[in-house]
Amino acid sequence: MGRAVRAPRVPRVPGARRPPAVRRPAPARGRVPAAPPEPPTPTSGPAEIVNSVVGAASFAGALMLYAGYIYTNAYFGYFHLDTFAVGFDTFELVVRSLSLAALPALEVLVLALLVPYLPRLLTALRVPPHQVRRLRAAGRAVARAHAVLIAAGAALLLLWRWIQPFAWTAPLLVAVGLLLGHTRAATPPGTAPPPPWRRTASLLAAGLFLIWVVALVAGERGRHDARADAGQLVRRVAVVVLSTDRLSFAPPGPAVEDLGRGTHYRYRYSGLRLLVERDQRYYVLPLDWHKSTGPTYIVKDDDDIRVELHPGTQPRLG
C-alpha cells in the first residue's frame with residue numbers, strides 16, 4: 001500500500017490576518033424568502049400621450065365627417081337634392097353629425113366604456129364578492145363565445161332584406177365578436193397567442209364593420225328626420241317670393257297673386273316652406289309636397305326676385 005501524500009504546508013506570513021468568515025443568516029422557520037422586487041413598469045412619456053391623443057382625435061374627426069356626410073346625403077336625398085350640389089363645407093358636415101349623438105347612442109357608448117371596469121365598480125360599491133365572481137364568469141363565457149356572435153352577424157347579413165331598418169345589428173355583431181376575440185378572457189390559459197398578422201387583420205376587419213355600422217345608422221337617422229320634417233312642413237319657415245315677372249313653377253306650384261302694374265314686384269308667390277338656404281339660393285317646398293311626386297324649387301335672390309321669410313305655423317299650446 002502506498003503512503004498518502006500530504007499537501008505542503010504554506011508558510012505563514014508574519015502580520016497577515018485570516019479573512020473573517022462570512023456568515024449568512026439562516027432563513028426563519030416557517031417563512032418563505034421574499035421574491036426580488038419586480039422592475040417598475042415603464043410609463044408612457046409625454047410624446048407618446050400626445051401622439052395617442054392626436055391619433056384618437058384625428059380618427060374621431062374623420063369618423064364625424066364621414067357620418068355627417070352620410071346623414072346629410074340621406075336627409076337631402078329624401079328631397080331629391082345632392083349634398084355636393086347644395087354645397088356644404090366640412091365644418092357643416094361635422095356639425096350635422098352631432099345629430100347622431102342622441103340619448104340612446106350615448107347610453108350605449110357609456111356602457112361599452114364601463115364594461116371593462118364593471119367588476120372594480122361593483123367592488124367599490126360593496127357588492128358581495130360571490131356576485132362579482134359570477135359576473136366575471138359570465139363575462140369570460142361571453143368572450144369565449146365570440147365565434148357565436150360572428151356567426152350570428154354573418155347569418156343576419158344573409159337576411160339583409162328582412163331585417164330593415166335594423167340591418168346595422170348584423171355588422172355590429174360581427175365587429176363585437178372580432179373585438180372580444182382579442183380580449184384576455186377569450187383566450188384560455190396556456191393557449192398560444194395568435195400571430196401578429198392575424199391579429200392585425202382581425203382588428204382591421206372590426207374597424208371596417210364599425211364604420212359600416214356608423215354609415216347605416218347615419219343614413220337611417222337622416223331618412224327618419226327627413227320623413228319627420230316632411231310630415232310637418234307647415235311648421236317650417238314660410239317663404240314668400242316677390243318677382244317682377246311671372247315665374248314658371250312645376251305643378252302644382254305655389255299660390256300666385258298679381259299685385260298690379262303699379263308695383264315693382266308685381267307677382268307674389270306664397271304657400272312655400274324653406275328647406276335650406278345656400279349662397280342666396282333658397283331650396284323651398286310646397287305645402288302639399290310628397291316624396292314620390294313633389295318637386296323641390298330652387299329660387300335665387302337677385303334684382304328681379306325678392307325673397308321674404310316669415311315664421312311658420314306654430315302648434316297650439318294647451
Step by step, would you call Arg278 with Glu92 a salt bridge (charged side-chain N to carboxylate O under 4.0 Å, His left out)? CA-CA 12 Å; Arg278 296 292 302 170; Glu92 289 177 310; 2.7 Å; yes

Quick one, Leu179 with Leu203, criterion side-chain contact (heavy atoms from CB on, under 4.5 Å). Give me CA distance, side-chain angles, the key distance, then yes/no. CA-CA 7 Å; Leu179 293 177; Leu203 292 177; 4.1 Å; yes

Yes or no on side-chain contact (heavy atoms from CB on, under 4.5 Å) for Val299 and Val284, after CA distance, side-chain angles and deciding distance? CA-CA 8 Å; Val299 180; Val284 296; 4.3 Å; yes

Before you tell me yes or no, could you show the steps for Arg273 and Val234 under side-chain contact (heavy atoms from CB on, under 4.5 Å), namely the whole-Å CA-CA distance, both residues' side-chain angles and the distance that decides it to 0.1 Å? CA-CA 7 Å; Arg273 291 296 184 268; Val234 69; 4.0 Å; yes

Working for side-chain contact (heavy atoms from CB on, under 4.5 Å), residues Leu274 and Leu285: CA-CA 7 Å; Leu274 179 65; Leu285 303 171; over 6 Å; no

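When all heavy atoms of Ala206 and Leu178 are compared, the closest pair comes out as N-CD1, 3.7 Å. Closest heavy-atom contact between Ala67 and Ala218: O-CB, 3.7 Å. Contact detail for Arg281 and Ala85: the closest heavy-atom pair is NH2-O, 3.9 Å. Of all the heavy atoms in Leu149 and Gly177, the pair that sits closest is CB-CA, 4.1 Å. When all heavy atoms of His182 and Ser202 are compared, the pair lying nearest together is NE2-OG, 2.9 Å. Closest of all the heavy-atom pairs between Pro171 and Leu216 is CG-CD1, 3.9 Å.
Hydrophobic clustering (ILVMFWY, side-chain heavy atoms < 4.5 Å, transitive): Leu210 and Leu157 are in one cluster. In this structure, Val174 is a member of the same hydrophobic cluster as Leu180, with clusters built from ILVMFWY side-chain heavy atoms closer than 4.5 Å. Linking Ile, Leu, Val, Met, Phe, Trp and Tyr residues whenever their side-chain heavy atoms come within less than 4.5 Å places Leu233 and Tyr78 in a single cluster. Taken together through direct or relayed side-chain contacts under 4.5 Å among Ile, Leu, Val, Met, Phe, Trp and Tyr, Leu208 and Leu156 form parts of separate hydrophobic clusters. Hydrophobic clustering, with ILVMFWY side chains joined whenever heavy atoms are under 4.5 angstrom apart, keeps Tyr66 apart from Trp168.
The aromatic ring centres of Phe84 and Phe88 sit 6.0 Å or more apart. Less than 6.0 angstrom separates the ring centroid of Phe249 from the ring centroid of Tyr269.
In this structure, CG in Leu287 is found 9.0 Å from OG in Ser270, a value given to the nearest 0.5 Å. Between the NZ atom in Lys291 and the CZ atom in Arg223 there is a gap of 9.5 Å [rounded to 0.5 Å]. Distance check: Asp225 CG to Glu220 CD gives 10.0 Å after rounding to the nearest 0.5 Å. Distance check, rounded to the nearest 0.5 Å: CG of Leu275 to OH of Tyr283 gives 9.5 Å. Note that CZ of Phe76 and OG1 of Thr83 are 7.5 Å apart. Values are rounded to the nearest 0.5 Å. To the nearest 0.5 Å, the span separating CZ on Arg136 from CZ on Arg133 amounts to 10.0 Å.
By the 30° and 60° cut-offs, the orientation of the rings of Tyr75 relative to Tyr71 is parallel.
Taking a 6.0 Å sphere around NE2 of His80, one finds it holds more than 12 heavy atoms contributed by other residues, nucleotides or ligands. Around atom CH2 of Trp160, more than 12 heavy atoms belonging to other residues, nucleotides or ligands sit under 6.0 Å away. Within a 6.0 Å sphere centred on CZ of Arg227, heavy atoms belonging to other residues, nucleotides or ligands number more than 12. In the displayed structure, Trp289 atom CH2 is contacted under 6.0 Å by more than 12 heavy atoms of other residues, nucleotides or ligands.
Between Asp229 and Arg236, at least one side-chain nitrogen of the basic residue sits less than 4.0 Å from a carboxylate oxygen of the acidic one, meeting the salt-bridge criterion.
Within the 4.5 Å cutoff, the side chain of Arg268 has no heavy atoms near those of the Val241 side chain. Under the 4.5 Å side-chain criterion, counting only non-hydrogen atoms from C-beta, Ile298 is not in contact with Tyr282. Thr296 is listed as a side-chain neighbour of Leu81, based on a closest heavy-atom distance under 4.5 Å. Val217 is not listed as a side-chain neighbour of Ile70, based on a closest heavy-atom distance of 4.5 Å or more. Within the 4.5 Å cutoff, the side chain of Val307 has no heavy atoms near those of the Val240 side chain. Put simply, the side chain of Ile150 does not reach to within 4.5 Å of the side chain of Val176, judged on heavy atoms. When side chains are defined from C-beta on, Arg246 counts as touching Val256, because their heavy atoms get closer than 4.5 Å. Looking at Asp258 and Tyr267, their side chains come closer than 4.5 Å, going by heavy atoms from C-beta outward.
A donor-acceptor pair under 3.5 Å links the side-chain atoms of Tyr297 to the main chain of Gly253, judged by distance alone. Glu277 places a side-chain N or O within 3.5 Å of a backbone atom of Gln280 that can act as its donor or acceptor partner. Asp302 contributes a side-chain N or O that, together with a main-chain N or O of Asp304, makes up a donor-acceptor pair within less than 3.5 Å. Thr72 places no side-chain N or O within donor-acceptor distance of the main-chain N or O of Tyr69, the cut-off being under 3.5 Å.
A donor-acceptor pair shorter than 3.5 Å cannot be found between the side chains of His264 and Thr244.
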